[in-house]
Protein chains: 2
Amino acid sequence: IIRIVDVWRIYNTGFTEVAALRGVSLSLESGEFVAVMGPSGSGKSTLLNILGCLDRPTRGRYVLAGQEVQERSDDELAVIRNRHIGFVFQTFNLLPRMTAQRNVEQPMLYARVPAAERRERAREALERVGLGDRLHHRPNELSGGQQQRVAIARALVMNPDIILADEPTGNLDSRASEEIMDLFQALNEAGVTIIVVTHDEELAVRIPRVVRLRDGKVVADGLREEA
Amino acid sequence: IIRIVDVWRIYNTGFTEVAALRGVSLSLESGEFVAVMGPSGSGKSTLLNILGCLDRPTRGRYVLAGQEVQERSDDELAVIRNRHIGFVFQTFNLLPRMTAQRNVEQPMLYARVPAAERRERAREALERVGLGDRLHHRPNELSGGQQQRVAIARALVMNPDIILADEPTGNLDSRASEEIMDLFQALNEAGVTIIVVTHDEELAVRIPRVVRLRDGKVVADGLREEA
Ligand SMILES: Nc1ncnc2c1ncn2[C@@H]1O[C@H](COP(=O)(O)OP(=O)(O)OP(=O)(O)O)[C@@H](O)[C@H]1O
Ligand SMILES: Nc1ncnc2c1ncn2[C@@H]1O[C@H](COP(=O)(O)OP(=O)(O)OP(=O)(O)O)[C@@H](O)[C@H]1O
Ligand SMILES: [Mg+2]
Ligand SMILES: [Mg+2]
């Protein structure tokens with residue numbers, strides 16, 4: 001379902017160039033569950049942004065569900081992002097003046113889901129991550145881990161085929177982290193393709209395949225023997 | 001050096017009340033190194049904000065360096081925050097339009113440190129956290145873990161007596177986390193009082209005293225036998 005071939009991403013900050021990805025190739029079947037790991041600054045978020053169609057490679061190809069992403073129009077990519085990909089951002093990206101419930105409703109607005117259904121699905125998504133009693137809190141009225149869970153709920157609410165989660169448990173205690181992993185595992189068993197960027201080796205042991213990055217290159221990509 | 005007695009913090013969100021801290025008492029000698037742990041939403045950041053003089057308790061007393069905090073003027077508190085307390089925020093709170101170096105210079109501006117000295121101390125603080133090659137990048141040109149390390153560098157640059165760090169390694173891989181812990185341990189050996197909020201049990205094993213919160217109350221507070 002996902003295939004990237006020799007992808008480079010070079011940033012120009014005006015006075016230097018940073019090659020965040022240097023020839024990354026990766027291939028995933030539909031329904032796989034993959035962890036992406038590596039040191040801080042190794043290119044994990046950059047990779048995930050490209051896979052999520054939030055950024056384009058400087059060089060190389062990305063084939064998503066059988067079609068080259070660079071051949072699709074911006075409108076087509078917007079629909080793909082909205083309906084087929086659920087993205088959990090490393091820094092949450094919540095709208096600060098909206099409540100938790102309204103933040104989770106956002107993707108459904110774009111898809112023109114009727115108001116009563118939007119509210120109900122948002123409420124139910126927030127309950128699934130343990131925030132049923134925080135629906136009307138704004139992000140600055142929530143703890144760091146609660147904000148992270150709102151970002152997770154928002155990524156799930158459109159029932160996407162692909163979940164891309166950038167360090168979804170970085171602000172969660174071990175019990176809340178396990179609950180999120182249980183949720184991801186249940187979705188994966190139902191056929192959802194999941195890629196989780198994580199620094200947490202405890203989390204990664206529950207994920208069947210691990211891709212390791214270092215300085216913008218893949219240095220390992222394999223299945224765990226016990227998976 | 002720090003003593004809080006029966007501290008409550010109640011938030012009013014307009015339609016509900018959230019008691020984030022419900023009678024927390026804590027006492028630290030100068031030079032101690034303490035981990036604060038507990039589930040997401042248990043009150044850790046709220047506690048740290050009060051200790052850092054960024055927030056006031058609804059009820060209870062806070063005695064800092066021998067004087068009641070509520071008896072000090074806002075100006076006095078601002079000087080204490082600037083010169084004696086280094087605060088690492090859970091969500092970094094970097095200024096988005098300034099470079100990493102300029103962000104780290106911020107506390108020194110307030111203290112009227114001359115420009116050449118400011119730049120040099122900021123550069124040196126960023127090198128200490130492994131970001132010597134990212135001085136001129138803005139936050140959105142940095143990875144999540146790099147932003148976190150800029151926030152750490154900024155907290156250290158005034159050589160504070162007290163460091164309050166809210167999940168300082170949440171976005172760091174294990175090697176970068178260890179480097180930050182080595183840094184904190186060296187500062188503690190030089191006499192700095194350090195309180196680290198963390199979800200990471202691996203990190204906490206290196207910290208001699210652990211305070212655990214649950215639902216806004218202290219449920220454990222003790223020294224590790226082996227420390
Ligand atoms: N401004 C606010 N208004 C209302 N409730 C708030 C506000 N800020 C925090 N809260 C609530 O207070 C409780 C404690 O929040 P706090 O940020 O201290 O938790 P925490 O232990 O740091 O959690 P985490 O590990 O997720 O960062 C949470 O349940 C949160 O929803
Ligand atoms: N807009 C940008 N301009 C310049 N350099 C950038 C930009 N965004 C990221 N970088 C650099 O690209 C590299 C990879 O960044 P990326 O965010 O992908 O790392 P990461 O693996 O997600 O790290 P972390 O674990 O710290 O989140 C970093 O060294 C970073 O400084
Ligand atoms: Mg990242
Ligand atoms: Mg917190």
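Proteins get letters first, then strands, A, B, ... in listed order; numbering begins at 1 in each. Quick note: numbers below take in every heavy atom, side chains included, and nothing from hydrogens, waters or symmetry partners.
With a 4.5 Å cut-off on side-chain heavy atoms, Leu48(B) and Phe87(B) count as touching. Val34(B) has its side chain out of reach of Leu26(B): every pair of non-hydrogen atoms, C-beta onward, lies at least 4.5 Å apart.
The shortest non-hydrogen separation linking Leu51(B) to Leu164(B) is C-CD1, 3.7 Å. The minimum heavy-atom distance linking Ala153(A) with Leu126(A) is given by the pair CB-CD2, 3.9 Å. Smallest separation of non-hydrogen atoms from Val219(B) and Leu213(B): CG2-C, 4.4 Å. Nearest heavy atoms, Pro57(A) versus Val7(A): CB-CG1, 3.8 Å.
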Cross-chain donor-acceptor list, chain B x chain A, under 3.5 angstrom:
{"from": "Ser40(B)", "atom 1": "N", "to": "Asp173(A)", "atom 2": "OD1", "distance (Å)": "2.7"}
{"from": "Ser40(B)", "atom 1": "OG", "to": "Arg149(A)", "atom 2": "NH2", "distance (Å)": "2.8"}
{"from": "Gln90(B)", "atom 1": "NE2", "to": "Asn171(A)", "atom 2": "OD1", "distance (Å)": "3.0"}
{"from": "Arg149(B)", "atom 1": "NH2", "to": "Ser40(A)", "atom 2": "OG", "distance (Å)": "2.8"}
{"from": "Asn171(B)", "atom 1": "O", "to": "His199(A)", "atom 2": "NE2", "distance (Å)": "3.0"}
{"from": "Asn171(B)", "atom 1": "OD1", "to": "Gln90(A)", "atom 2": "NE2", "distance (Å)": "3.0"}
{"from": "Asp173(B)", "atom 1": "N", "to": "His199(A)", "atom 2": "ND1", "distance (Å)": "3.3"}
{"from": "Asp173(B)", "atom 1": "OD1", "to": "Ser40(A)", "atom 2": "N", "distance (Å)": "2.7"}
{"from": "His199(B)", "atom 1": "ND1", "to": "Asp173(A)", "atom 2": "N", "distance (Å)": "3.3"}
{"from": "His199(B)", "atom 1": "NE2", "to": "Asn171(A)", "atom 2": "O", "distance (Å)": "3.0"}

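The most heavy-atom pairs under 4.5 Å with chain A, out of Gly130(B), Gly170(B), Gly43(B), come from Gly170(B).
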